[in-house]
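Per chain, numbering begins at 1; letters A, B, ... match sequence-line order. Since the structure is predicted, the reported quantities are computational estimates derived from the model, not experimental observations.
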There are 2 protein chains.
Amino acid sequence: MDERKIRNMEEFATVSGISRPTVSKYFNNPDSVRQTTRQRIEDALQLYDYRPNIYAMNQNRRLTKNIGIVVPYLADPFFSEISRVIEQRCIEAGYAPNLFSAHGQQSQELDILDSLRSMKPAGVLLAPLGRQSDRAAIEKFSRDVPTVLFDSNIDGLGDAFVGSDNYSFVSQTVEYLSRTGDPPCFLEGRTPANPNANKRRLAYLEMMERLGLEAQVIKVDGEGWDFEEIGQRGGFKVLDEKVLKTNTVLCSNDRLAIGFLSACFERGVKVGRGPGCDLRVASHDDHPFARFTCPALTTAAHDYGSVSGKAVKTLFDIIDEGTRPVDREETLYPARLIVRDSA
Amino acid sequence: MDERKIRNMEEFATVSGISRPTVSKYFNNPDSVRQTTRQRIEDALQLYDYRPNIYAMNQNRRLTKNIGIVVPYLADPFFSEISRVIEQRCIEAGYAPNLFSAHGQQSQELDILDSLRSMKPAGVLLAPLGRQSDRAAIEKFSRDVPTVLFDSNIDGLGDAFVGSDNYSFVSQTVEYLSRTGDPPCFLEGRTPANPNANKRRLAYLEMMERLGLEAQVIKVDGEGWDFEEIGQRGGFKVLDEKVLKTNTVLCSNDRLAIGFLSACFERGVKVGRGPGCDLRVASHDDHPFARFTCPALTTAAHDYGSVSGKAVKTLFDIIDEGTRPVDREETLYPARLIVRDSA
DNA sequence: TAAAAAAGTTTACGCGCGTAAACTTTTTTA
DNA sequence: TAAAAAAGTTTACGCGCGTAAACTTTTTTA
């Protein structure tokens, strides 16, 4: 190992006994050279730890092997979990994932698109902020770079969208809750950060009407991405002012529910479906911590694997095709109801 | 805007009326050119949206303006939070942060160091896995790249370490708990993932001895980074087998405590310091969700701001200096006790 | 085993920058 | 206001690759 320092591809070509153009070909696709040639290069790679200069490699390429992964809020374990899975899939496919978080701010999302543009990525997987996104900026960006949206849909933006079917989430929870007890009211933030929240409310209203039940939508105050905080403060208000017409609360998402549950606990409201319980609480997303709330949260789970797998595959298909799809495909995966102790 | 497409710095220099070497100088440091020159360049920048090719810029540089940020497990909100703060500070200083997570796996940590090396970063901020880290690999890496360790110290590795003072965490919680009720036992994972856990156990034992109290360390089974799961399963075991000699449990970290609290809830063990409570539970870290556990968790908080600020400043000082420090500085920030309802 | 095809070699150029050297112009200093 | 210093210009080269073209060698095909 390391008999002497290799400075560039020329030197490495010399020590491996293969011409530089062929070595270059190898690094761009190891399968593009003959097996015996590949072996000689890889033998040399064992002896000398040379790696091509990524900056020199990329400067003349129209596109690099970079993939941008952009999420709205990485401190949300849902996004850190899904980006972990997506990252992994990119690496397996031979791409270099680059992870970015907008941290809930439009300015940051714009900055990310800006630096992504100069990275000349082969493609981008974007979970947009949603309501706070700059539609025009994303539209302009996705004209230049193949872009697949995930999690949060913005109509017509990007080459495709892959996400979860909000109707499937809500219809399952509403059906379950109204079958096993009082029909649920629906609790959400007043100014939902992303379009999924709106779709969930509409799905709730539609389901309740279909089932012939009285709907009650409760909007709690609060801005931004601190959903637990919003859920907790809203919970105090809802409980103290006794606005609930039912003993069953369906939260728009698990993070709100986590806050709401903490408010219930603090006010001595017993949550659960057993005898002696005051309130049932359910929600959507199957947040990584939903198993550890008190009580454990009944919720509807995303199909992480399918969403990430399909999003990545869609992007790679576009990249491999070399042309943008004419039709913007939208793929929605159904949720899976997870019954725990809270409802 | 966009009168015509600018292809490279030569063309941009022409339209801005400044020579290319001066334009190049400007992009490397806008303050290095005369104010009038700067204005002319920036006027042109308004008219034509040209940005230098980052790959061409970096290929001949020994070092880039990239900063690597590596954390062991991004799905842990503690790390997503601290890396958010660090990212921000890098951007403000004119550097380009690149975020990586080892996802709890040694192989991934090694892969990250590998790709970082070819990125030629100006420096790296590394929160290592700890026990699972490959000491030799990190040592070799930090010989090539200025590296500041944070959160988790590995003796002698990197140019400096910045983290929290585990003794300060534990001494405050132990002092508080034993002053206000029964002295605590200490609950931790059997094979702690990082060195902070060991330091916390030792600090607990030392404090208990100093206070003349009987110590009890309870080790719960479980591998990996799913601390809530480990805490919950351990909680069931501890409660069902009645191994506690005291009514006060001090957990090594908040994620374990979150799991432990959920076990208590499920077993009907009432946690808190009020009358009628069976158990007090406290912990360390002030995890972003510690405010929303049931009951809210009494814990000791990291000084996020100081740790991230000092880590970034230390790295930038090394970069600006151009030489590595002879003495490896270790900076520890004290914790702040946060009393909530759980103890 | 000869012809065709595939793979590798040699030579050469280009990419978009950084940057050095000699020079000229502009600004600052005294 | 002349001299010195600072800043910008012109010219030129180099970085480490990608890649094209003409050629040679090796492998596959029939």
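Searching all strands for a Watson-Crick or G-U wobble partner of dT27(D) with both distances below 3.5 Å returns dA4(C). Pairing for dG14(D) is with dC17(C), a Watson-Crick or G-U wobble pair whose two hydrogen-bonding atom distances lie under 3.5 Å. Base-pair partner of dT9(D): dA22(C) (Watson-Crick or G-U wobble, both distances under 3.5 Å).
When heavy atoms are screened at a 4.0 angstrom cut-off, P21(A) is found touching base atoms of the nucleic acid. Residue Y50(B) is classed as a sugar-phosphate contact, given heavy-atom separations below 4.0 Å to backbone atoms only. Looking at heavy-atom distances under 4.0 Å, Y26(B) makes no contact with the nucleic acid at all.
Taking atom CD of residue E11(B) and atom C1' of nucleotide dC17(C), one finds them 14 Å apart after rounding to whole Å. Distance, I6(A) CD1 to dG16(D) P: 12 Å, rounded to whole Å. Atom pair I18(B):CD1 and dT24(C):P shows a separation of 20 Å (rounding to whole Å applied). The distance between atom CG of N29(B) and atom P of dG18(C), rounded to the nearest whole Å, is 12 Å. The CZ-P distance, from R51(B) to dG16(C), rounds to 17 Å in whole Å. Taking atom OH of residue Y55(A) and atom C1' of nucleotide dG16(C), one finds them 15 Å apart after rounding to whole Å. For the pair R40(B) CZ and dA7(D) P, the computed distance is 16 Å after rounding to whole Å. Look at CG on N58(B): it is 15 Å from C1' on dC15(C), rounded to the nearest Å.
For the pair E92(A) and R89(A), the salt-bridge criterion is not met [side-chain N within less than 4.0 Å of a carboxylate O]. Contact check on K310(A) versus E329(A) returns a salt bridge, with a Lys/Arg side-chain nitrogen under 4.0 Å from an Asp/Glu carboxylate oxygen. Salt bridge annotation for D144(A)-R117(A): present, with a cationic side-chain nitrogen under 4.0 angstrom from a carboxylate oxygen.
Relative to the side chain of N53(B), the nucleotides dT9(D), dG16(C), dG8(C) differ in distance, and dG16(C) lies closest. For R20(A), the side-chain atoms get nearest to dT19(D) when compared with the rest of dT19(D), dG18(C), dG16(C).
Note on S24(A): a side-chain N or O is less than 4.0 Å away from OP1 or OP2 of dG18(D). Regarding contacts with the backbone of dT9(D), a side-chain N or O of S19(B) is found under 4.0 angstrom from either OP1 or OP2. T37(B) has a side-chain polar atom (N or O) that falls below the 4.0 Å cut-off from OP1 or OP2 of dG8(D).
With 3.5 Å as the limit, one finds a donor-acceptor pair spanning the side chains of Y26(B) and E42(B). When only modelled atom types and interatomic distance are considered, Q108(A) and E87(B) share no side-chain donor-acceptor pair under 3.5 Å. Remark: the S32(B) side chain and the N29(B) side chain contain no N/O donor-acceptor pair separated by less than 3.5 Å.
Remark on DNA chain C: of its neighbouring residues V33(A) and T22(B), the 5'-side contact belongs to V33(A), judged by nearest-heavy-atom nucleotide. Mapping A56(A) and R38(B) onto DNA chain D by nearest heavy atom places R38(B) at the nucleotide closer to the 5' end.
Interface remark: the Q59(A) side chain does form a donor-acceptor pair with the dC15(C) base, using a distance-only criterion of under 3.5 Å.
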